[in-house]
Amino acid sequence: MNANPSHGTPVRVRFAPSPTGHLHIGGARTALFNWLFARRLGGAFILRIEDTDLQRSTRASVDAIVDNIRWLGLDWDEGPHLQSDRFPLYARHAERLLKEGKAYASDEKRGSRPAVILRRPEGGIAVDDLVHGRIVFPADAVGDLVLMKSDGTPTYNFACVVDDAEMRITHIIRGDDHLSNTPKQIRLYAALGLPTPLFAHVPLIMGPDGSRLSKRHGATSVGQFREEGILPEALVNFLALLGWSPGDDREIMTIKELVAAFSLDRVNKKSAVFDTRKLEWLNMQYFKRKAPGEVARMAVPYLAAFGVPPGAVQADRMEAAVRLLGERFRTLRDLADKAHYFFTDFPVVDPKAFRRHMHAAGAGGILSEVADRIERLAEFTPDSIEPVIRGIIAARGVKPGEVIQPVRVAVSGRAETPGIFETMSLIGKERVVARLRRAPLLDLPGDGPGAEGGGA
RNA sequence: GGCGCCAUCGUCUAGUCUGGUCUAGGACGCCGGGUUCUCAACCCGGUAACUGGGGUUCAAAUCCCCAUGGCGCUACCA
């Protein structure tokens, strides 16, 4: 049924999003599979924008999608072609089908002209899908098919088939949601007298509740993960593992390794649930493999959301903060949140941490003692700070945490930070002392009873 | 409703095509322990799955049928 491009024929695949919104995670995965397939086989990856729906398509969406595909590192060999530039082509093919009697003009008057409709096929249609195998559709599964709408624009199925044929696409790799379109399209290739490409329908990506991934599941666009500070290589790696696996136990794979290992016959049939936690874990794995200086540079723009404008970030200080934080962050946004207090006069204070450690008996006294003793230090290094704190712990005969935790909260605003001596040292003596002195005076909202609902 | 697709730990998956080597492997998460100034990381240990029922066979996660469930499509949207 399907044309079978011989081994010598160069592979040509395409990604054809419709520019009615952002680049969806499912679309990105489809683009990635197409790209991996093309690169693995030395073929061409073509970008085509399906903007036949003039009402819903926007220029901004085209730009955003293209930008995010580039960000993912998926370079294309041709395009982006816009279907809206190709309307005469579709009209020409429709005209031909009309002349040949394969299509008829609708007698229903809806727009300025009659719609062009393809006559229903005689028998059933079989699809030989590269991931599903042979699928047979009964004859009545395909009815008459509108090709050109009354407004003169082509329908999706028609424009798609004309373009895939014109662009000599050899393999159509797309989501399972297009499976039921396939018999219609095969029917169209036949009517057009054009060779039918091979099809590979990849499983859909679902939300945690098992329904198709959509906005209500939270972040679902590539742009949103980008804004969170997910690395493109981590997202690519993660997406590659959704519906495909290399067949061994490898999970952390570079783009190069993915290209080398990719094949359509290892693509799953079952839809996959998108697990943000595993994506974040993978993201951290990529941070671990990067130089702290590079991570620091990437994180600078994210600091703004925590009150630190890019101009206020000293590069060496940020790099030191990244080294100190180690593996304590999973996204760039997360890193910025955990590093902001190295750059501000005072930290954003977590009320829970404050309540827990600052209200402990003697906390105020401890903080002022630490401030007094530390202020006299000539050198403000981890090695000079530690004996002072240890000395106070010993003199009071308390557990280390009873001193260190109040200090940690006063100095960073939170109950978890890297080692306290290193943290204090990097923040700097002046700011540390000021924070220790101010903390006991703080009166945090949400602190007292009834403060929770007190808006008005 | 009709048509189609799919079905292994909570999640991603290996194993299914080419039945035995699977008392079903790995990873995320979760739980416990170690380390420790907190958290993270790390190390050790643990939890947890072949949807159900019928066949076929000496033997079924693997092959066949039915049921059930989930999802998709059912537009002059894409």
Side-chain angles (χ1 to χ4, degrees), chain A residues 16-21 50-53 55-57 83 106 108 110-111 113-117 127 129 131-133 135-138 140-143 145-160 175-184 201 203-206 208-212 238 241-252 265-266 268-282 284-285 288 325-330 334 338 353 356-357 386 389-390 393 399-405 407-409 412 414-421 423:
Chain A
S18 95
T20 53
E50 309 224 317
D51 59 346
T52 53
D53 185 339
Q55 305 308 312
R56 295 199 302 149
S57 300
Q83 287 189 323
S106 167
E108 187 186 337
R110 284 202 206 180
R113 68 198 94 183
V116 180
I117 300 175
V127 180
D129 191 273
V131 346
H132 292 277
I135 301 160
V136 179
F137 291 84
D140 57 2
V142 183
L145 187 64
V146 174
L147 307 179
M148 297 293 289
K149 298 180 253 181
S150 304
D151 63 2
T153 63
T155 58
Y156 158 74
N157 280 122
F158 187 51
C160 183
D176 262 345
D177 50 341
H178 286 289
L179 202 46
S180 0
N181 280 323
T182 310
K184 301 175 194 170
H201 287 92
L204 261 20
I205 297 177
M206 314 302 245
D209 63 352
S211 72
R212 199 177 167 167
F238 181 73
L241 264 14
L242 238 39
W244 175 85
S245 78
D248 48 41
D249 286 340
R250 283 182 295 169
E251 297 219 276
I252 298 169
D265 44 55
R266 291 207 56 84
N268 288 156
K269 297 177 188 164
K270 198 184 78 171
S271 55
V273 173
F274 190 91
D275 180 7
T276 309
R277 301 179 67 103
K278 186 152 185 177
L279 169 61
E280 289 180 350
W281 169 80
L282 240 191
M284 181 199 71
Q285 297 302 317
K288 286 170 72 167
L325 257 355
E327 271 90 59
R328 271 168 269 245
F329 55 92
R330 300 201 148 197
D334 186 23
K338 288 167 175 157
R356 169 103 193 272
H357 298 288
E386 177 158 6
I389 305 280
R390 297 278 182 210
I393 290 165
K399 283 188 282 190
E402 290 182 57
V403 170
I404 290 175
Q405 282 307 87
V407 169
R408 192 187 307 278
V409 174
S412 72
R414 58 186 68 209
E416 316 82 27
T417 73
I420 189 63
F421 314 119
T423 299

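Heavy-atom basis, side chains included; hydrogens, waters and symmetry copies ignored.
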For [N], does either OP1 or OP2 sit under 4.0 Å from a side-chain N or O belonging to [X]?
X        : N     : result
A:Lys269 : B:U16 : no
A:Arg266 : B:G15 : yes
A:Arg250 : B:A27 : no
A:His132 : B:C6  : yes
A:Thr52  : B:A78 : yes
A:Lys338 : B:U38 : no
A:Lys184 : B:U74 : no
A:Arg330 : B:G29 : yes

[M] and [N], which share atom name [atom1], separated by this distance in whole Å:
N     : M     : atom1 : result
B:C31 : B:A41 : P     : 12 Å
B:C50 : B:C9  : P     : 7 Å
B:U38 : B:C22 : P     : 43 Å
B:C77 : B:G4  : P     : 26 Å
B:G2  : B:G55 : P     : 29 Å
B:A60 : B:G53 : C1'   : 15 Å
B:G29 : B:A59 : C1'   : 37 Å
B:U36 : B:G10 : P     : 36 Å

In whole Å, what is the span from the [atom1] atom of [X] to the [atom2] atom of [N]?
X        : N     : atom1 : atom2 : answer
A:Ile420 : B:A40 : CD1   : P     : 16 Å
A:Leu282 : B:U11 : CG    : C1'   : 14 Å
A:Arg414 : B:C39 : CZ    : P     : 15 Å
A:Phe238 : B:U11 : CZ    : C1'   : 9 Å
A:Glu280 : B:U11 : CD    : P     : 19 Å
A:Glu386 : B:U36 : CD    : P     : 13 Å
A:Arg56  : B:A75 : CZ    : P     : 15 Å
A:Glu327 : B:C28 : CD    : C1'   : 17 Å

**Request:** Take A:Gly247 and A:Gly401, find for each the nucleotide of RNA chain B with the closest heavy atom, and name the residue whose nucleotide sits nearer the 5' end.
**Result:**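 Going by which nucleotide is closer to the 5' end, it is A:Gly247.
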**Prompt:** Closest nucleotide of RNA chain B for A:Phe329 versus for A:Ser245: which of these residues is on the 5' side?
**Reply:**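 Looking at the nearest nucleotide for each, A:Ser245 comes out on the 5' side.
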**Message:** At under 4.0 Å between heavy atoms, how does the protein contact nucleotides 20-26 of chain B? Give one character per nucleotide, 5' to 3', with B, S or -.
**Reply:** -----BB
Counting side-chain heavy atoms from C-beta on, which of [options] comes nearest to [X]?
X        : options             : value
A:Phe421 : B:A41, B:C71, B:C37 : B:C37
A:Asn268 : B:U38, B:A14, B:G29 : B:A14
A:Lys288 : B:C12, B:A41, B:C76 : B:A41
A:Trp281 : B:A27, B:U8, B:C71  : B:A27
A:Glu416 : B:C39, B:C71, B:A41 : B:C39
A:Phe137 : B:C28, B:A41, B:G4  : B:G4
A:Arg212 : B:C37, B:C76, B:G72 : B:G72
A:Asp275 : B:C73, B:A78, B:U11 : B:U11
A:Arg328 : B:C77, B:C76, B:A40 : B:A40
A:Asp177 : B:G4, B:C73, B:C76  : B:C73

**Request:** Mind telling me whether A:Phe274 and A:Phe238 have parallel, tilted or perpendicular rings, with 30° and 60° as the class edges?
**Result:**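 Perpendicular: the ring planes of A:Phe238 and A:Phe274 meet at over 60°.
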Pair partner, [N] [Watson-Crick or wobble, under 3.5 Å]:
N     : result
B:C71 : B:G4
B:C63 : B:G55
B:A48 : none
B:U35 : none
B:G10 : B:C28
B:A41 : none
B:C17 : none

Flag, side chain of [X] to backbone of [Y], donor-acceptor distance under 3.5 Å:
X        : Y        : value
A:Thr155 : A:Val146 : yes
A:Arg266 : A:Ser245 : yes
A:Asp248 : A:Arg250 : yes

Taking all heavy atoms of [X] and all of [Y], pick out the closest pair and write down the distance.
X        : Y        : result
A:Ala415 : A:Ala353 : N-CB, 3.7 Å
A:Asp176 : A:Pro203 : OD2-CA, 3.4 Å
A:Asp177 : A:Arg212 : OD2-NH2, 2.8 Å
A:Met206 : A:Gly210 : CE-O, 3.2 Å
A:Lys338 : A:Arg328 : NZ-O, 3.0 Å

**Under the salt bridge (Lys or Arg N to Asp or Glu O under 4.0 Å) test, residues paired with A:Lys278 that sit two or more places apart** = A:Glu251
**Stepwise side chain to side chain contact (heavy atoms under 4.5 Å, CB included) check, A:Thr182 with A:Asp129** = CA-CA 10 Å; A:Thr182 310; A:Asp129 191 273; over 6 Å; no
**Asked** How is A:Gln55 classified with respect to the nucleic acid when contacts are heavy atoms under 4.0 Å: base, sugar-phosphate, or nothing?
**Response**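 No contact at all - A:Gln55 keeps every heavy atom at 4.0 Å or more from the nucleic acid.
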**Message:** Within the 4.0 Å heavy-atom criterion, would you say A:Pro418 contacts the bases, only the backbone, or no part of the nucleic acid?
**Reply:** base
Side-chain donor/acceptor of [X] to base of [N], under 3.5 Å:
X        : N     : answer
A:Arg408 : B:C37 : yes
A:Ser150 : B:C76 : yes
A:Arg277 : B:C28 : no

**Distance-only donor-acceptor check, side chains A:Ser211 and A:Asp209, under 3.5 Å** =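 The answer is yes; a qualifying pair exists.
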